[in-house]
Amino acid sequence: QVQLVESGGGLVQAGGSLRLSCSASGIAFSFNSIGWYRQAPGKQRERVASISTFGNTVYLDSVKGRFTISRDNAKNTAYLQMNNLKPEDTTVYYCKIENSDYWGKGTLVTVSS
């Protein structure tokens with residue numbers, strides 16, 4: 001049974017930082033690309049960042065230079081380091097095994113102005 005569990009969300013002031021973690025089980029983590037997504041109320045879910053099995057990364061334009069995705073295959077965990085957070089980053093963040101239907105349940109990030 002595949003499980004993805006996000007953690008690290010919380011409340012932070014604008015300009016602050018958070019580090020999200022996505023812990024995976026039941027899947028060959030190192031053989032899969034991982035994505036971080038977010039979905040604000042009334043908006044479509046968007047991919048914030050992704051990292052391939054080779055470590056290649058892709059970012060949403062609005063987070064480039066502020067967010068960094070990484071992975072630790074030995075720990076079956078992916079991370080999203082978020083710096084210089086803005087109020088518009090407020091929403092639930094999800095991790096996903098790319099090219100699959102496996103999603104975590106999400107972690108809430110709230111950025112106050």
Side-chain angles (χ1 to χ4, degrees):
Q1 181 181 357
V2 178
Q3 277 194 314
L4 299 174
V5 179
E6 300 95 336
S7 61
L11 173 64
V12 65
Q13 287 188 330
S17 298
L18 284 173
R19 187 195 196 201
L20 306 184
S21 298
C22 171
S23 179
S25 60
I27 195 167
F29 183 80
S30 62
F31 291 111
N32 285 276
S33 296
I34 307 297
W36 282 99
Y37 292 73
R38 65 186 182 187
Q39 184 170 21
K43 294 187 177 181
Q44 284 192 330
R45 189 170 291 188
E46 60 184 0
R47 188 176 67 178
V48 175
S50 65
I51 185 166
S52 74
T53 56
F54 300 105
N56 298 322
T57 57
V58 178
Y59 295 95
L60 185 68
D61 282 348
S62 61
V63 307
K64 283 180 181 177
R66 299 190 298 124
F67 291 11
T68 302
I69 189 171
S70 61
R71 64 191 298 161
D72 185 337
N73 291 334
K75 295 182 178 180
N76 286 357
T77 301
Y79 303 97
L80 186 67
Q81 177 67 43
M82 305 187 296
N83 298 328
N84 190 21
L85 282 160
K86 303 177 180 181
E88 52 263 42
D89 295 318
T90 294
T91 189
V92 180
Y93 286 73
Y94 303 86
C95 67
K96 179 182 183 288
I97 302 293
E98 299 288 63
N99 302 310
S100 81
D101 293 327
Y102 298 122
W103 292 85
K105 294 183 178 181
T107 185
L108 176 62
V109 171
T110 304
V111 185
S112 63
S113 56

Taking the side chain as C-beta and beyond, is there a heavy-atom pair between [X] and [Y] under 4.5 Å?
X	Y	result
Y93	E6	no
S50	S33	no
R38	L60	yes
V58	R47	yes
L80	V48	yes
V109	L18	yes
Y102	I27	yes

Return the minimal non-hydrogen interatomic distance between [X] and [Y], and the atom names on each side.
X	Y	result
I97	S100	O-OG, 2.5 Å
D61	K64	OD1-NZ, 3.0 Å
P41	T91	CD-OG1, 4.5 Å

Item to complete: Following the transitive rule for hydrophobic clusters with a side-chain heavy-atom cut-off under 4.5 Å over Ile, Leu, Val, Met, Phe, Trp and Tyr, establish whether Y37 and L108 coincide in one cluster.
Response: yes
Worksheet item: Same hydrophobic cluster for I51 and Y94, using side-chain heavy-atom links shorter than 4.5 Å among ILVMFWY?
Response: no
Rounded to the nearest 0.5 Å, how far does [atom2] of [Y] lie from [atom1] of [X]?
X	Y	atom1	atom2	result
K86	S62	NZ	OG	8.0 Å
C95	I69	SG	CD1	9.5 Å
L11	S112	CG	OG	5.0 Å
K96	E98	NZ	CD	5.0 Å
T90	L85	OG1	CG	8.0 Å
L4	F29	CG	CZ	8.5 Å

Item to complete: Taking atom CG of N56 as the centre, report whether more than 12 heavy atoms of other residues, nucleotides or ligands fall under 6.0 Å from it.
Response: yes
Discussion item. Looking at Y59, I want to see if its OH is surrounded by more than 12 non-hydrogen atoms of other residues, nucleotides or ligands under 6.0 Å.
Written reply: yes
Worksheet item: Under 6.0 Å between ring centres, would you say that holds for W36 and F67?
Response: no
Discussion item. Side chains of N83 and S17: any donor to acceptor distance under 3.5 Å?
Written reply: yes
Item to complete: Using the side-chain contact (heavy atoms from CB on, under 4.5 Å) rule, take V92 and T107 through it: C-alpha gap first, then chi angles, then the decisive distance, then the call.
Response: CA-CA 5 Å; V92 180; T107 185; 5.9 Å; no
Fill in: Distance under 6.0 Å and angle within 45° of ring axis: R71 vs Y79
no
